[in-house]
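In what follows, a single structure is set out as structure tokens and then discussed.
Note that this is a predicted model, so its numbers are computed, not measured.
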Amino acid sequence: MNDGSSDRTGTILDRLVAEEPEKLKVIQLTPNSGKAQALNTGIIFSKGGFVLTIDADCLLDPKALHWMAWHLLQFPRVGAVTGNPRVWNRTTLLGKIQVGEYSSIIGMIKRTQRIIGKVLTVSGVIAAYRKSALLDCGMFDTDTVTEDIDITWKLQAKFWDIRYEPRALCWVLVPETLRGLWHQRVRWSQGGIEVLKKHVNLFFHWHWRRLWPVYFEYCLGVLWAYSCFFMLLTWLVLISYHNLCDLSLVHRYCAALVHARDHMPLPGNPLYIRYYGAVLGVACLIEFFISFFIDSRYEGKGFFKYYFWIIWYPFAYWAISALTAIVGSYNALIRHSGETIRWKSPDRGLHTLRS
């Protein structure tokens, strides 16, 4: 599926289909119609009972399809299987941090959610679907920013099972600039909020109760982001108030406030790391260590060298996550429903930007 690419993708695909007409079918969509519509078009033209969807910039492990198809063949109620994306480009600090993030925040969370019985989302970069399950839930909706989260909830609302297969490896290019990372994470956050809004009815019906823990956990994550924002805002307001009362010009107009200030301790800095912050940081590092230990079988002996860079994750990455959650939720709330979504991929590594 070539969704209105602006580079030479269309020309290259036409040449390849001329060389291998029996193995390759190419559909050119012009103009760009959005990833969800492109996927739906491909599903309609597909002939098999199972559909594997991958992004154009990922590389599949030779046995990825084998491990994913096993679930679909052995268990008739499995509607989708999500694979294990691994970071390919590791040339910058952001790339190295995302090695640990993909291992812990994606791999560990999906393993934990499978214990609960429900998964928040399949990985859009690699997922295998039962075609009858996609048709049962109405295929991909074109009005959501993150079609992978939306289709996961649509399938589970129809009581199709979602599996995570860590042995189905694929190698992906991740953003290595703050600008690219920002745009990607804002889109992810916006898509998550859109799905929460769209499927809020699931929270009020008992027969969908197994989805509640995943739904509730995501809501807590958004609440955490807003709590951090309002805590910082409150601290800045209080600091500004104290500094304002120290100005000689204003001092005579707020004598009563100055008197109250003298008996009021200066508000603490919310960014100051207290003992419970250190405990949280240690717990984060322990979680990353466990995830590295589990995934070392897929990466090899040199994998643990990236553990050194994980210290930056709780130090700075949490702030980025909180800010993108706030901006993404705002975008989701102001956007009109029913609009077809089109988006441009962020940078996929500095080496691709240079080329």
Side-chain angles (χ1 to χ4, degrees), residues 36 39 50-53 67-85 101-141 144-168 170 188-225 287 290-291 294-295 321 325 328-329 332:
L39 289 173
F50 306 140
V51 178
L52 177 72
T53 66
W67 292 115
M68 302 182 86
W70 180 83
H71 293 272
L72 295 166
L73 289 169
Q74 296 296 320
F75 304 97
R77 288 305 302 172
V78 172
V81 183
T82 180
N84 185 4
E101 181 190 31
Y102 272 64
S103 177
S104 178
I105 306 304
I106 294 179
M108 283 282 284
I109 283 181
K110 281 186 169 58
R111 287 182 173 93
T112 305
Q113 290 172 346
R114 276 301 304 159
I115 294 174
I116 298 174
K118 298 298 177 182
V119 176
L120 174 66
T121 177
V122 299
S123 296
V125 65
I126 174 174
Y129 300 93
R130 190 181 302 274
K131 187 174 180 180
S132 60
L134 290 174
L135 296 174
D136 181 44
C137 70
M139 297 200 293
F140 292 89
D141 289 344
T144 55
V145 175
T146 49
E147 77 293 328
D148 47 0
I149 305 178
D150 183 54
I151 195 65
T152 305
W153 283 76
K154 289 178 65 176
L155 287 169
Q156 292 180 131
K158 290 284 189 176
F159 303 104
W160 289 99
D161 192 20
I162 307 293
R163 297 288 181 89
Y164 170 59
E165 178 48 72
R167 292 167 293 187
C170 75
W188 287 4
S189 299
Q190 178 179 343
I193 298 299
E194 288 176 352
V195 170
L196 291 183
K197 287 173 49 183
K198 185 175 181 179
H199 300 283
V200 67
N201 61 307
L202 303 180
F203 202 64
F204 300 100
H205 295 276
W206 179 251
H207 54 282
W208 285 316
R209 61 191 177 278
R210 294 184 65 193
L211 285 167
W212 294 353
V214 179
Y215 192 104
F216 187 61
E217 187 272 339
Y218 195 90
C219 291
L220 284 179
V222 177
L223 180 62
W224 165 80
E287 178 196 354
I290 295 173
S291 67
I294 295 174
D295 282 344
S321 299
S329 60

Practice task
Might you work through the side chain to side chain contact (heavy atoms under 4.5 Å, CB included) test for Met108 and Ile294, ending with a clear yes or no?
Solution key: CA-CA 9 Å; Met108 283 282 284; Ile294 295 174; 3.9 Å; yes
Problem - Where at least one partner belongs to residues 105-126, residue pairs that pass ring-ring contact (aromatic ring centres under 6.0 Å, His included), sequence neighbours excluded - result: none
Using a 4.5 Å cut-off on heavy atoms from C-beta on, say whether the side chain of [Y] contacts that of [X].
X: Phe159; Y: Trp208; value: yes
X: Asp295; Y: Tyr102; value: no
X: Arg163; Y: Phe75; value: yes
X: Ser132; Y: Trp160; value: yes
X: Val51; Y: Leu39; value: no
X: Tyr218; Y: Leu120; value: yes
X: Met68; Y: Ile126; value: yes

Practice task
State whether Arg114 and Asp161 are salt-bridged, where the test is any N-O pair (Lys NZ or Arg NE/NH1/NH2 against Asp/Glu carboxylate O) under 4.0 Å.
Solution key: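 Looking at Arg114 and Asp161, the cut-off is met.
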Practice task
Describe, in one word, how the ring planes of His207 and His205 are oriented to each other, choosing from parallel (under 30°), tilted (30 to 60°) and perpendicular (over 60°).
Solution key: tilted
Exercise for the section: Begin from the C-alpha positions of Glu194 and Thr144 and carry the test side chain to side chain donor-acceptor pair (under 3.5 Å) through to its verdict. Expected result: CA-CA 7 Å; Glu194 288 176 352; Thr144 55; 5.3 Å; no
Practice task
Could I get the full list of side chain to side chain contact (heavy atoms under 4.5 Å, CB included) partners for Ser189, not counting sequence neighbours?
Solution key: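 Expected list: Thr324, Ala325.
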Problem - Contacts of Lys154 that satisfy salt bridge (Lys or Arg N to Asp or Glu O under 4.0 Å) - sequence neighbours left out - result: Asp141
Exercise for the section: Say whether, by atom type as modelled, one donor and one acceptor occur between the side chain of Thr146 and the main chain of Trp188 under 3.5 angstrom. Expected result: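 No, the answer is negative, given that no donor and acceptor are paired below the 3.5 Å cut-off.
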Practice task
Would you name the heavy atoms of Cys137 and Leu155 that are closest together and state the gap between them?
Solution key: SG-CD2, 3.7 Å
